[in-house]
Amino acid sequence: DASHELRTPITAILGQAELALSRPRTPDAYQESLHRIEDEAQRMQRLVGRMLTLARAEGGQQVLEFVPTDTVALLRTLTETLSAQHEGAGISFVLDLPADLTIVTDADCLTQILLNLLENAVAYAGDGAVDVALQVEGAGVRIQVSDSGPGIDPASLPHIFEPFYRVDPSRQRQSGGVGLGLALAHELAGLLGGRLEAANRAEGGAQFTLHLPLKPPAGASAAPGI
Ligand code: ADP
């Protein structure tokens, strides 16, 4: 799967370079070629980065640092950043958060999981809404990211966390997705002692639920002093 995924951007980069070098061209044409090469190289960089993180997580080599993490502040920061990035796209975040909820977890891993869910939600919600809810449940928390997009085909739901799985390969390729985001988020949720679930809302749209413990699982490497 990985070599197949890498072949596409490499072919595109070589094609652009060969085209640009085939005869003298205007500065504009060179710029155009370089932009396309840059896009494809960035796609490759993302893919390789995610493959490395996934391999590390699966191989138990991900270094975790469990520290008190304010989940409310994290969700606010991430949604504000995404709002700013997608300003004018008509997307709106509807937050249902308590005043403050601190858990002991690895903040980097949690950020990666949430960013993934939020970016997907923004991509699929179109100009609709993304709901983000956080609640305490038993000895843990539940974070839900729901969108007003088309939802996930029920036949795809059982496969959605498999590496390189895409519901619609042709459409995803254009949007730059590599089908590793959810696989990585699912793996990282497990490392944090939690789990990630996917479903469709009755009223339409996808809903991802992340369950996390308030404290790290027994045996997880805690930061000094915790
Ligand atoms: P990618 O990096 O290609 O986006 P992901 O692992 O994030 O891959 O997602 C895997 C598949 O799940 C994709 O085919 C995508 O279409 C689908 N998917 C993810 N999030 C949503 C969502 N919020 N609504 C509908 N489909 C989604």
Side-chain angles (χ1 to χ4, degrees), residues 1-9 12 39-58 62 75 78-79 82-83 85-86 89-96 109-134 142-191 194-211:
D1 281 335
S3 37
H4 177 77
E5 292 298 326
L6 283 168
R7 203 171 288 151
T8 311
D39 283 351
E40 292 296 333
Q42 278 170 349
R43 191 181 143 76
M44 246 167 80
Q45 190 181 44
R46 252 193 333 264
L47 175 62
V48 171
R50 285 192 168 177
M51 275 167 26
L52 267 177
T53 317
L54 187 60
R56 244 186 250 133
E58 284 178 347
Q62 177 89 4
L75 282 168
L78 293 177
T79 49
L82 285 171
S83 287
Q85 276 172 10
H86 295 272
I91 196 90
S92 60
F93 286 100
V94 180
L95 305 184
D96 178 8
C109 276
L110 180 56
T111 302
Q112 277 200 51
I113 297 169
L114 293 175
L115 253 186
N116 223 290
L117 300 180
L118 292 168
E119 279 175 348
N120 276 345
V122 167
Y124 286 92
D127 57 0
V130 175
D131 292 317
V132 182
L134 168 64
R142 184 177 69 189
I143 301 175
Q144 267 178 328
V145 177
S146 323
D147 63 67
S148 57
I152 299 160
D153 167 24
S156 296
L157 268 178
H159 306 287
I160 204 86
F161 296 121
E162 292 169 11
F164 297 110
Y165 185 83
R166 289 192 201 101
V167 174
D168 179 351
S170 54
R171 204 172 53 170
Q172 283 305 297
R173 191 166 294 288
Q174 279 163 21
S175 72
V178 294
L180 279 181
L182 285 179
L184 188 54
H186 188 256
E187 195 68 31
L188 293 178
L191 286 186
R195 64 183 200 280
L196 180 61
E197 294 163 351
N200 285 310
R201 289 198 292 187
E203 65 267 44
Q207 180 168 67
F208 288 86
T209 306
L210 174 65
H211 303 271

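Read the numbers this way: they start at 1 and go in the same order the structure lists the ligands and their atoms. Along the sequence shown, residues carry numbers from 1.
- Contact atoms of ligand 1 toward Ile160: 11 (C), 12 (O), 17 (C) (distance under 4.0 Å to a heavy atom of the residue).
- Residue nearest to atom 25 (C) of ligand 1, selected from Gly151, Pro150, Ala125: Gly151 (by heavy-atom distance).
- For the pair Tyr165 and ligand 1, the shortest N or O to N or O distance does not fall below 3.5 Å.
- Note that the CG atom of Asp96 and the OG atom of Ser146 stand 10.5 Å from one another [nearest 0.5 Å].
- Residue Leu182 has at least one N or O atom closer than 3.5 Å to an N or O atom of ligand 1.
- Relative to atom 7 (O) of ligand 1, the option among Leu117, Asp153, Asp147, Asn120 with the closest non-hydrogen atom is Asn120.
- In this pair, Phe161 and Phe208 present their aromatic rings perpendicular. The plane angle is above 60°, beyond the 30 to 60° band.
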Stepwise side-chain contact (heavy atoms from CB on, under 4.5 Å) check, Leu6 with Leu47: CA-CA 8 Å; Leu6 283 168; Leu47 175 62; 3.7 Å; yes
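- Annotation: the span from Leu95 atom CG to Thr79 atom OG1 amounts to 4.5 Å, rounded to 0.5 Å.
- For Glu197, the side chain to side chain donor-acceptor pair (under 3.5 Å) partners at least two apart in sequence or on another chain are Arg195, His211.
- Short contacts between ligand 1 and Ala206, defined as distances under 4.0 Å to a heavy atom of the residue, involve ligand atoms 22 (C), 23 (N), 24 (N).
- Remark: side-chain polar atoms of Asn200 are paired, donor with acceptor, to backbone N or O of Ile152 under 3.5 angstrom.
- Only side-chain heavy atoms of Arg50 come within less than 4.0 Å of ligand 1; its backbone N, CA, C and O stay farther off.
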